[in-house]
Amino acid sequence: MSKRVLITGGAGFIGSHLGDLFLEKGYEVKAYDNLDPQVHGEKASRPGYLNKEIELIVGDVRDPEAFSKALKPVDILVHLAAAVGVGQSMYEIVRYTSINTMGAAVVLEEVVKQKDHIQKMLVASSMSIYGEGLYLCPSCGEVTPKLRPSAQLAERKWDMLCPTCNTPCTPAPTPETKPLFPTSIYAVNKRDHEEMFLAVGDAYEIPTTAMRFFNVYGNRQALSNPYTGVGAIFASRLLNNKPPVVFEDGGQSRDFIHVSDIAKGCLLAVENKKADGLVFNLGTGRKLSIMDVGKAIASELGKPTDDFIVNNQYRAGDIRHCYADISRAEKILGFKASTVFEEGVSELCQWVSSQTSTDMVDIATDELKKRGLTR
Ligand code: UD1
């Protein structure tokens, strides 16, 4: 008999891709999702991209009765459901912590009640829990700085300085062992997810793995959600013939991983016993500057690549650089991202061109500004 998997957040961007892959591998898939209007639009119904073979149960992760029913005949639980806007999490603190941390608490209590049939749990964590990535200082070696001091940022000096000797330092791949310094409510919630799932998994002997996703991009990302990742934001702006707004000087970098690789990494972790009890980075190991990402998207969409608004401001809590050390996922899971950014961005742009999106970025930026969260 095929194994049954329940994906919370299964109607979303990452969840729907993971659902497709599970189906392809012969699993039976159910999605549990609240079809959040910020992501799916007002009066949302089942998204057209969701595979017809996936059973969709519309429900909130904080509703124990609905979730308990959805979990009943399941072998594997993948918990992706979360409120995901980093900036928004800094002013909707109660809502975020309720959906994310309390949601996980409700889910886990139901898991404990039904532990007899749950063979594996996988939870989505995030690179955001690291805060800044790992850096190399020419004199001190490896350093793990916290956020750049506000006095430094006030002078518009964007590059990271060694916390010990103040020398400019360079980014290095960030391993899972780097100390965690979450700098937003969202990131704190994600650390909660990881630790709550691993603690319950350990105590009740349910094999559990946490995956730290780096910056995920690809089709089905919610284009009209201003709190989505920078790739979708830039594409949406360009589609609406507005120049992307680049924070700082555009030299900050991230590790952009295509959603299909995230799905592959999750499947590997579900199917490999050696992953039990561990956390894994899921990134590509390559860093790209935000300016280069913007240029690649603009060029693919046939829009000007030199007409960006570089606003020389920063978002509170933003980091300068973080990219993944992928050696643990490589060694234990045999994971390697297979979509290079140049291919992935072309696929992203083809998809974006077929979509209509309302550009909400100005409204969201004003919201942050009003609250002193961009400076
Ligand atoms: C954050 C989270 C990450 C989450 C992602 C998407 C952190 C450290 N990480 O990543 O876990 O998956 O959000 O929710 O909190 N930028 C612009 N212009 C824009 C938008 C963004 O220049 O219009 C810049 C930002 O200043 C930042 C970079 O692009 O330097 C990436 O931003 P974003 O896509 O929001 O993701 P992160 O903050 O890296």
Side-chain angles (χ1 to χ4, degrees), residues 9 12-14 38-39 80 82-90 96 100 124-133 146-148 153 158 160 171 174 178 180-191 193-194 211-218 221-223 225-238 240 242-257 259 262 281-283 287-295 297-298 308-324 359-369 373-375:
F13 163 47
I14 298 176
Q38 188 168 310
V39 176
L80 304 182
V84 296
V86 175
Q88 194 176 35
S89 78
M90 296 306 284
Y96 269 73
N100 295 342
S125 179
S126 161
M127 54 74 84
S128 64
I129 70 177
Y130 289 122
E132 283 287 353
K146 296 202 173 162
L147 290 179
R148 294 160 291 177
L153 294 172
W158 304 121
M160 183 56 78
T174 300
K178 194 203 87 85
L180 307 178
F181 300 127
T183 61
S184 66
I185 293 297
Y186 166 76
V188 171
N189 294 165
K190 276 288 153 184
R191 187 182 63 188
H193 268 179
E194 190 176 303
M211 309 304 281
R212 294 180 182 162
F213 300 164
F214 277 66
N215 293 58
V216 191
Y217 71 97
Q221 197 153 12
L223 290 181
N225 180 0
Y227 299 97
T228 196
V230 69
I233 290 175
F234 281 178
S236 176
R237 293 275 299 178
L238 287 158
N240 286 285
K242 289 186 188 166
V245 177
V246 176
F247 289 107
E248 305 186 15
D249 58 355
Q252 67 272 39
S253 68
R254 299 289 188 275
D255 183 336
F256 288 88
I257 176 163
V259 65
I262 290 285
N281 283 341
L282 269 192
K287 62 178 163 48
L288 283 170
S289 78
I290 295 308
M291 186 60 91
D292 285 345
V293 167
K295 286 192 168 157
I297 294 172
F308 297 173
I309 302 168
V310 181
N311 74 0
N312 215 29
Q313 292 188 7
Y314 67 97
R315 296 187 311 196
D318 254 0
I319 57 160
R320 184 66 175 167
H321 303 288
C322 186
Y323 68 108
D359 173 37
M360 303 283 285
V361 173
D362 288 335
I363 298 171
T365 308
D366 283 353
E367 203 70 52
L368 293 182
K369 203 178 175 70
L373 295 172
T374 55
R375 287 165 211 151

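This chain uses plain numbering: 1 for the first residue, then up along the sequence. Atoms within a ligand are numbered from 1 in the order they appear, just like the ligands themselves.
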Tell me which protein heavy atom sits closest to [atom], plus the residue, atom name and distance to 0.1 Å.
{"atom": "atom 34 (O) of ligand 1", "result": "Val230 N, 2.6 Å"}
{"atom": "atom 18 (N) of ligand 1", "result": "Val245 O, 2.7 Å"}
{"atom": "atom 26 (O) of ligand 1", "result": "Asp318 OD2, 2.6 Å"}
{"atom": "atom 17 (C) of ligand 1", "result": "Phe247 CD1, 3.3 Å"}
{"atom": "atom 28 (C) of ligand 1", "result": "Ile290 CD1, 3.5 Å"}
{"atom": "atom 39 (O) of ligand 1", "result": "Arg254 NE, 2.4 Å"}
{"atom": "atom 11 (O) of ligand 1", "result": "Ser126 OG, 2.5 Å"}

Exercise. Just do the side chain to side chain contact (heavy atoms under 4.5 Å, CB included) check on Ile319 and Met127 with the steps written out, would you?
Key: CA-CA 11 Å; Ile319 57 160; Met127 54 74 84; 4.0 Å; yes
Counting only heavy atoms, which portion of [X] has something under 4.0 Å from ligand 1: side chain, backbone, both, or neither?
{"X": "Ile233", "answer": "side chain"}
{"X": "Phe234", "answer": "side chain"}
{"X": "Tyr186", "answer": "side chain"}
{"X": "Glu248", "answer": "neither"}

All heavy atoms of Tyr96 vs all of Gly85, minimum pair found to be OH-N, 2.9 Å
Closest non-hydrogen contact found for Asn281 with Thr174 is ND2-O, 2.8 Å
Does the side chain of [X] reach to within under 4.5 Å of the side chain of [Y], using non-hydrogen atoms?
{"X": "Phe247", "Y": "Ile290", "value": "no"}
{"X": "Phe13", "Y": "Val259", "value": "yes"}
{"X": "Val246", "Y": "Phe234", "value": "yes"}

Nearest non-hydrogen contact to atom 37 (P) of ligand 1 from the set Val310, Asn215, Val86 belongs to Asn215
| When the ring planes of Phe214 and Tyr130 are compared, do they come out parallel, tilted or perpendicular, using 30° and 60° as the limits? | tilted
Regarding Arg320 and Asp249, does a basic nitrogen lie under 4.0 Å from an acidic carboxylate oxygen? yes
When you compare the side chains of His193 and Ser125, does any donor N or O come within less than 3.5 Å of an acceptor on the partner?
no
Near Val84 (heavy-atom distance under 4.0 Å), the atoms of ligand 1 are 14 (O)
